[in-house]
Colleague: 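First, the structure itself, so that you have it in front of you.
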Amino acid sequence: MAFLKFNKAELVNLSYSLKREIILANKIGAYCNTSIVTCNTRRYHGLLAVMLDRFGGDRFLLLSSLDESLVAGGVQFNLGIHCYGDVYEPRGHKYIIDFDADPAPSITYKVGQIVFRKTLVLAAESDQLMIKYELLEAPSSVTLSLKPFLAFRNIHALTHENPDADTSFLEVQNGVSFYMYRNFPTLNLQLSDGSSHFVSEPYWNKSVVYSDEARRGFDCREDLFTPGRFEVKMKPGSSVIFSASKREEDASALKTAFKREYASCKPISSNRDQLVRCADLLVSNHNGRKRINAGFSWMYTGLLRETLQALPGLTLCGLRDKEVFEEILDNLIADEKERLFRRTTQVEAPLYMASVLQIYIDAYKADPERIWKKYGPVIKKIIESYRPGVRQEVSMHPNGLLWAQKDGVALSWMNAYIDGRAVTERAGYQVETNAFWYNTIRFALEMEGAYGTRNGSFVKTWRPVAELVKSNFLPVFWYERGGYLADYVDNNGQNVQIRPNQIYALWVKYSPLDELLFPRVLKVIDSELVTARGLRTLSPRDELYRGVYEGTQFERDNAYHQGSTRPFLLEPYVAVCFRVKGPSFWKRAEWLAEGFYDDLLKHGVGAFSELYDGDPPHEPHGAISSSLSTAALLAVDSMLEQYKEEVK
């Protein structure tokens with residue numbers, strides 16, 4: 001029995017099923033993403049989107065959808081479904097009786113006495129989607145008709161009927177190929193059955209509406225080109241494979257190829273299995289270079305902050321592969337020199353690297369001398385880049401603390417904008433940035449003292465700075481009246497909004513905060529920010545708090561860092577709680593993690609969402625499969641395993 005599945009009553013209810021999405025991804029950047037009834041509700045939805053280097057490494061949607069019809073006794077039954085504003089046509093979802101999410105998405109239809117199933121598989125190492133169609137039961141032969149909807153556009157854009165589109169096709173083995181625009185790849189559509197044939201009926205299917213985009217106030221209508229239909233006769237008990245690929249495939253080998261790819265989809269039997277599968281999908285290997293995808297389906301690959309924060313969880317806790325950890329880190333350093341050493345709008349991100357290396361050394365027993373020899377020069381160069389005059393957006397003040405300011409620019413991970421205005425600019429001394437700053441300097445001094453030049457110029461220069469940061473952190477950030485840390489401090493003094501950024505001042509290995517104050521800070525975080533789905537980005541008692549991430553773009557951007565929760569913040573929170581409270585926190589930590597497994601049939605089926613509403617019942621939103629959320633839950637899972645014996 002599948003680990004994740006839906007029943008007929010859930011599937012035929014569009015208000016329920018259209019909110020549930022499936023995501024298939026491979027190692028080279030391609031994906032298949034749609035709702036569980038295969039009705040596309042976002043511009044990012046489609047059956048085959050591929051990464052194209054010729055267009056800067058962005059993803060492009062080639063095949064939007066594929067409508068199946070069954071013809072029996074001269075009557076045609078349409079299994080597809082599209083939204084045209086307030087109308088859904090055809091309404092093929094009414095025939096669905098079963099959906100299994102694993103080991104690969106499988107949908108079963110029942111039309112009278114006909115039972116028909118399709119199973120979707122994305123090839124692991126090539127830009128190829130395969131769909132296996134099986135006629136499980138039928139009183140006689142049935143004709144299967146397949147009508148493709150072609151997009152050939154960037155996943156962030158929409159397309160419309162235009163004179164530049166080349167709507168012609170070429171015949172290939174058991175199929176046809178399309179090359180709609182210059183510089184795009186060819187899309188080859190083929191069937192495994194040699195008796196199949198293609199009927200050319202070209203037209204533009206106009207005004208397809210993506211309901212999720214409409215609900216958010218975005219442009220939501222597009223025209224999709226439908227070139228015709230494939231027809232193939234099927235006998236009861238028979239099967240046929242449909243392939244959509246950038247290259248012409250050997251049609252006679254499609255059944256073998258599908259069988260091989262399906263067998264590689266490991267069965268899911270536990271929550272950890274699901275976490276590890278997601279972790280594997282989020283680690284890409286495009287052009288032989290391993291990088292982390294921030295999230296599906298619209299986030300980018302290789303981002304600095306997201307990669308550093310997700311790296312230990314995905315590769316060490318999840319995949320348990322130190323070689324992959326270092327390969328991704330090496331690629332990131334090679335790709336992100338500008339942000340690491342010269343300028344970035346997320347000023348804390350380069351400093352996170354020290355914490356990543358500390359986790360690698362302390363928790364996963366990496367050789368500290370080798371690690372410092374390899375990465376020490378990078379860490380020291382990062383530290384030096386925060387000297388006055390190097391970066392325009394942030395620099396060290398005479399008190400040793402880092403001041404971040406660039407008018408109108410949000411210089412942290414809280415970087416939402418409305419009409420060009422930063423919602424949370426946070427100019428000044430940021431609490432998490434200065435906590436990472438102190439930890440990074442202390443880490444470098446420790447490692448340089450042990451494995452570098454103990455009394456060299458670096459140590460002599462930065463030891464006094466570390467002492468300066470330590471002595472000034474508490475007076476600048478501690479808010480005695482509230483018993484917590486100010487979120488940031490500017491020329492007007494402390495900003496005492498209760499936000500989760502202060503958890504990092506407790507989490508870093510070398511905390512600039514007196515440990516006697518940890519319980520007081522945790523008490524405030526517990527009462528104001530902790531929910532059943534991560535930590536809120538703002539206390540609900542704040543007048544700016546927005547507890548529901550819904551509505552227009554304006555409303556959602558206002559809630560993005562003003563109340564919505566972030567699962568990734570559970571990793572530092574749980575780690576600090578175990579440090580302060582010990583094994584007694586185990587049950588609470590288990591409860592905090594379990595809620596996300598209860599949501600595996602919501603939003604992204606079998607995936608872990610980017611964010612949740614700050615208000616109960618804490619509905620999921622954002623990217624359906626987030627690297628940060630997945631990595632954090634893997635880290636929490638490792639902590640639970642670590643403390644499990646002590647609880648007994």
Side-chain angles (χ1 to χ4, degrees), residues 344-352 383 385-388 390-416 421-442 464-508 510-518 520-525 528-529 535-539 541-545 561-562 569 572 576:
T344 176
T345 55
Q346 295 180 346
V347 296
E348 83 286 1
L351 299 167
Y352 202 93
I383 292 172
S385 75
Y386 288 87
R387 282 179 175 273
V390 180
R391 295 176 180 266
Q392 293 182 355
E393 73 279 3
V394 58
S395 69
M396 182 178 69
H397 270 193
N399 62 2
L401 299 177
L402 295 183
W403 180 278
Q405 184 172 10
K406 191 174 182 180
D407 290 346
V409 179
L411 294 173
S412 74
W413 72 276
M414 291 187 162
N415 57 356
R421 177 185 60 83
V423 179
T424 48
E425 188 170 331
R426 303 181 69 229
Y429 299 127
Q430 301 167 353
V431 65
E432 78 281 15
T433 300
N434 280 284
F436 287 129
W437 174 235
Y438 178 70
N439 180 67
T440 301
I441 298 173
R442 284 288 309 274
V465 175
E467 294 169 358
L468 202 57
V469 176
K470 173 77 170 179
S471 63
N472 284 303
F473 186 89
L474 188 63
V476 168
F477 289 105
W478 183 249
Y479 179 50
E480 177 61 34
R481 182 179 173 185
Y484 59 91
L485 294 168
D487 187 55
Y488 65 93
V489 179
D490 59 16
N491 291 325
N492 297 316
Q494 292 182 330
N495 177 285
V496 294
Q497 289 179 314
I498 301 175
R499 292 189 182 273
N501 299 303
Q502 60 188 308
I503 191 64
Y504 286 111
L506 286 63
W507 176 71
V508 290
Y510 296 109
S511 173
L513 186 66
D514 191 323
E515 287 194 359
L516 293 175
L517 296 175
F518 281 21
R520 291 184 66 183
V521 176
L522 278 179
K523 183 178 180 181
V524 173
I525 291 174
E528 302 286 341
L529 302 178
L535 272 62
R536 294 187 180 100
T537 44
L538 183 64
S539 165
R541 293 194 296 113
D542 196 292
E543 64 180 3
L544 296 177
Y545 175 78
H561 299 118
Q562 305 278 64
L569 292 166
V576 170

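For the single chain, residues carry numbers from 1 onward in sequence order.
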Colleague: With a 4.5 Å limit on heavy-atom distance, are the side chains of His561 and Arg426 in contact?
Modeller: no

Colleague: Keeping the roles fixed (side chain from Gln430, backbone from Leu411), state whether a donor-acceptor pair exists under 3.5 Å.
Modeller: yes

Colleague: How close do Leu513 and Ala505 get, counting heavy atoms only, and between which atoms?
Modeller: CB-O, 4.5 Å

Colleague: Give me the atom names and distance for the closest heavy-atom approach of Asn415 to Gln346.
Modeller: ND2-NE2, 3.2 Å

Colleague: Kindly compute the distance separating OG (Ser395) from CD (Gln405), expressed to the nearest 0.5 Å.
Modeller: 10.0 Å

Colleague: Checking the side chain of Glu393 only, and the main-chain atoms of Thr344 only, is there a donor and an acceptor separated by less than 3.5 Å?
Modeller: yes

Colleague: Assess the side chains of Asp487 and Asn495: does a donor N or O sit below 3.5 Å from an acceptor N or O?
Modeller: no

Colleague: Which heavy atom of Glu348 sits nearest to which heavy atom of Ser412, and what is that distance?
Modeller: OE1-CA, 3.6 Å

Colleague: Of all heavy-atom pairs between Phe473 and Asn434, which one has the smallest distance, and what is that distance?
Modeller: CE1-CB, 4.0 Å

Colleague: Within this structure, what is the CG-CG distance for the pair Leu569 and Leu529, rounded to the nearest 0.5 Å?
Modeller: 9.0 Å

Colleague: For the pair Ser539 (side chain) and Ile498 (backbone), establish whether a donor and an acceptor sit closer than 3.5 Å, ignoring hydrogens and angles.
Modeller: no

Colleague: When rounded to the nearest 0.5 angstrom, what is the spacing between CD in Glu543 and CG in Leu538?
Modeller: 10.0 Å

Colleague: Under 3.5 Å, is there a donor-acceptor pair between the side chain of Asn472 and the main chain of Asn399?
Modeller: yes

Colleague: Please examine the side chains of Ser511 and Phe518, heavy atoms only from C-beta on, and report whether any two atoms are closer than 4.5 Å.
Modeller: yes

Colleague: Please check if the side chain of Gln502 supplies one atom and the backbone of Leu485 the other of a donor-acceptor pair under 3.5 Å.
Modeller: yes

Colleague: Tell me, with the steps shown, if Val496 and Arg481 meet side-chain contact (heavy atoms from CB on, under 4.5 Å).
Modeller: CA-CA 10 Å; Val496 294; Arg481 182 179 173 185; over 6 Å; no

Colleague: If you take all heavy atoms of Tyr429 and Phe477, which pair is closest and at what distance?
Modeller: O-CE2, 3.3 Å

Colleague: To the nearest 0.5 Å, how far apart are CD1 in Ile441 and CE in Met396?
Modeller: 7.5 Å

Colleague: Do we see a donor-acceptor contact under 3.5 Å between the side chains of Arg442 and Tyr438?
Modeller: yes

Colleague: Can you confirm whether the side chains of Gln562 and Arg499 place a donor and an acceptor under 3.5 Å from each other?
Modeller: yes

Colleague: Please examine the side chains of Leu468 and Leu401, heavy atoms only from C-beta on, and report whether any two atoms are closer than 4.5 Å.
Modeller: no

Colleague: Looking only at heavy atoms, what is the nearest atom pair of Pro500 and Leu535, with distance?
Modeller: CB-CD2, 4.1 Å

Colleague: Main chain of Gly400, side chain of Trp437: is a donor-acceptor contact present, judged purely on distance under 3.5 Å?
Modeller: yes

Colleague: Verify the ring-centre separation between Phe436 and Tyr352: is it less than 6.0 angstrom?
Modeller: yes

Colleague: Can you check whether Trp478's main-chain N or O pairs, donor with acceptor, with Gln494's side chain at less than 3.5 Å?
Modeller: yes

Colleague: So with a 6.0 Å cut-off around NZ of Lys470, is the heavy-atom count from everything else above 12?
Modeller: yes

Colleague: Indicate yes or no for a side-chain donor-acceptor contact from Glu425 to the backbone of Gly408 under 3.5 Å, with no hydrogens or angles considered.
Modeller: yes

Colleague: Is there a side-chain contact (heavy atoms from CB on, under 4.5 Å) between Glu528 and Tyr484 once you walk through the steps?
Modeller: CA-CA 11 Å; Glu528 302 286 341; Tyr484 59 91; over 6 Å; no

Colleague: Okay, side chain of Tyr386, backbone of Val347: is any donor-acceptor separation there less than 3.5 Å?
Modeller: yes

Colleague: Look only at the side chain of Tyr504 and the backbone of Thr433, and say whether a donor-acceptor pair between them is shorter than 3.5 Å.
Modeller: no

